[in-house]
Amino acid sequence: MRKKVSIIGAGFVGSTCAHWIASKELADVVLIDIFGGVAKGKALDLLQAGPVEGYDLDITGGDDFAAMEGSDIVILTSGAPRKPGMTREDLVAVNAEITASNVEKIKQYAPNSIILIVNNPMDTMATLAWKVSGFPKNRVIGQGGVLDTARYRTFLAKEIGCSVEDIQAMLLGGHGDEMVPLPSYTTVAGIPVTHFIPEDKLSAIVERAKKGGAEIVALLEKGSAYYAPAAATVEMVEAILKDKKRILPCSCLLEGEYGVSGTFFGVPTLLGAGGIEKIIEVPLTDEEKAGVAKSAALVRSSCDVLQEKYNIFG
Ligand code: LMR
């Protein structure tokens, strides 16, 4: 039997996720949106690309949340994007309502699924989704680290003039401007990145990666990035559906790891059919530890905004 992935939100990120899931022939796809016609239309359009692209899948869409029944994974993309000059955290109040209401639907119709959170502020929305769903912590996962590392790897490859495929990198922290790329765990075909890039250039690349989302928001003027966010999400979908046991930076509930407790936070994880199967703790330098503490404080303060209404830490 084919796997099934439902995507809530048929905007640019949701529909691009559907596109890549289809082109990799990973699963049947259901696109759900309050604008049912948009979801239905995009699903039909994608379905009609099947004969050309050579995928045999069911791709459907609409506004009926019951259609997600039996999903292996539900990707949550719906929410307001930020505008130029805003931080992701500025979206917390508006997107919390949307997330909480969608997670109630997931709980009702796809209680055995794994939830992938994409909407911002991602770590806060993932913490909220975990709380509202009551799902075990391994089945709620935030997407941010794979995207941030993809940006970091792209900039490194461009600077070195080598293939992006040869850059291995790890990154910690919330999916915000305080995320912590880890040059000490970055290699180029196994060779430390510092062999190729001097420290000042490396710092500039780290800074650019940290602000990678804002750079695109400023360029687009309306909306935010979607190709790389969707590609990152689908890499996680593939790891789960194929039980690949990938080691990827994902946002998950921490209970003391890296000195963080009670919120979702990006760390290296082992991702397979069980969702987050393991959290991997690696030694950090004092500077990296300070970066993690700063990033964790930002996630915590964004979660604090929701405490009264959703009792996140209760
Ligand atoms: C991204 O990093 O592209 C997304 O989180 C969207 C944003 O607001 O930057």
Side-chain angles (χ1 to χ4, degrees), residues 7-20 75-99 102 115-129 140-156 158 164 169-182 205-237 248-252 263-267 291 295-296 298-299 301-303 305:
I7 302 166
I8 304 181
F12 285 118
V13 176
S15 55
T16 310
C17 283
H19 183 179
W20 266 316
I75 303 172
L76 223 165
T77 71
S78 55
R82 59 176 158 157
K83 298 193 175 78
M86 286 172 80
T87 66
R88 296 181 179 94
E89 288 71 28
D90 290 335
L91 300 169
V92 67
V94 53
N95 283 350
E97 294 228 354
I98 299 169
T99 301
N102 284 328
I115 305 178
L116 283 189
I117 297 290
V118 181
N119 52 345
N120 279 316
M122 182 278 293
D123 305 272
T124 309
M125 293 304 111
T127 310
L128 176 66
V140 182
I141 309 171
Q143 185 285 112
V146 176
L147 166 62
D148 297 327
T149 345
R151 288 181 173 142
Y152 177 46
R153 289 166 63 202
T154 304
F155 302 147
L156 292 173
K158 288 273 168 245
V164 288
M170 191 41 76
L171 175 145
L172 280 176
H175 179 55
D177 290 353
E178 299 299 344
M179 66 184 82
V180 191
L182 297 176
I205 288 174
V206 162
E207 278 314 303
R208 187 171 176 203
K210 285 167 77 168
K211 309 269 164 27
E215 184 177 354
I216 293 182
V217 168
L219 288 168
L220 295 181
E221 290 179 20
K222 269 193 190 143
S224 53
Y226 49 97
Y227 292 117
T233 308
V234 173
E235 182 170 56
M236 292 165 70
V237 167
L248 295 173
C250 296
S251 182
C252 56
T263 68
F264 276 59
F265 197 66
V267 291
S295 177
L298 186 65
V299 174
S301 64
S302 170
C303 285
V305 174

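Order of appearance sets the numbers: ligands from 1, and atoms from 1 within every ligand. We count residues from 1, following the sequence as given.
Listed by atom number, the atoms of ligand 1 under 4.0 Å from Asn120 heavy atoms are 4 (C), 5 (O), 6 (C), 7 (C), 8 (O). Annotation for ligand 1: atoms under 4.0 Å from non-hydrogen atoms of His175 are 1 (C), 2 (O), 4 (C), 5 (O). Applying the 4.0 Å criterion to heavy atoms of Ala225 picks out, from ligand 1, the atoms 3 (O).
Only the side chain of Leu147 comes within contact range of ligand 1, with a heavy atom under 4.0 Å; no backbone atom does.
With hydrogens and angles disregarded, a donor-acceptor distance shorter than 3.5 Å links the side chain of Asn95 to the backbone of Ala80. Using modelled atom types, no side-chain atom of Thr16 and backbone atom of Tyr227 make a donor-acceptor pair closer than 3.5 Å. Without hydrogens or angle criteria, Thr127 side chain to Phe264 main chain gives a donor-acceptor distance under 3.5 Å.
There is no side-chain donor-acceptor pair under 3.5 Å between His175 and Asp123.
Polar contact check, Arg151 against ligand 1: a nitrogen or oxygen pair lies under 3.5 Å apart. For the pair Arg82 and ligand 1, the shortest N or O to N or O distance falls below 3.5 Å.
How far CE of Met122 is from CG of Leu116: 10.5 Å, rounded to the nearest 0.5 Å.
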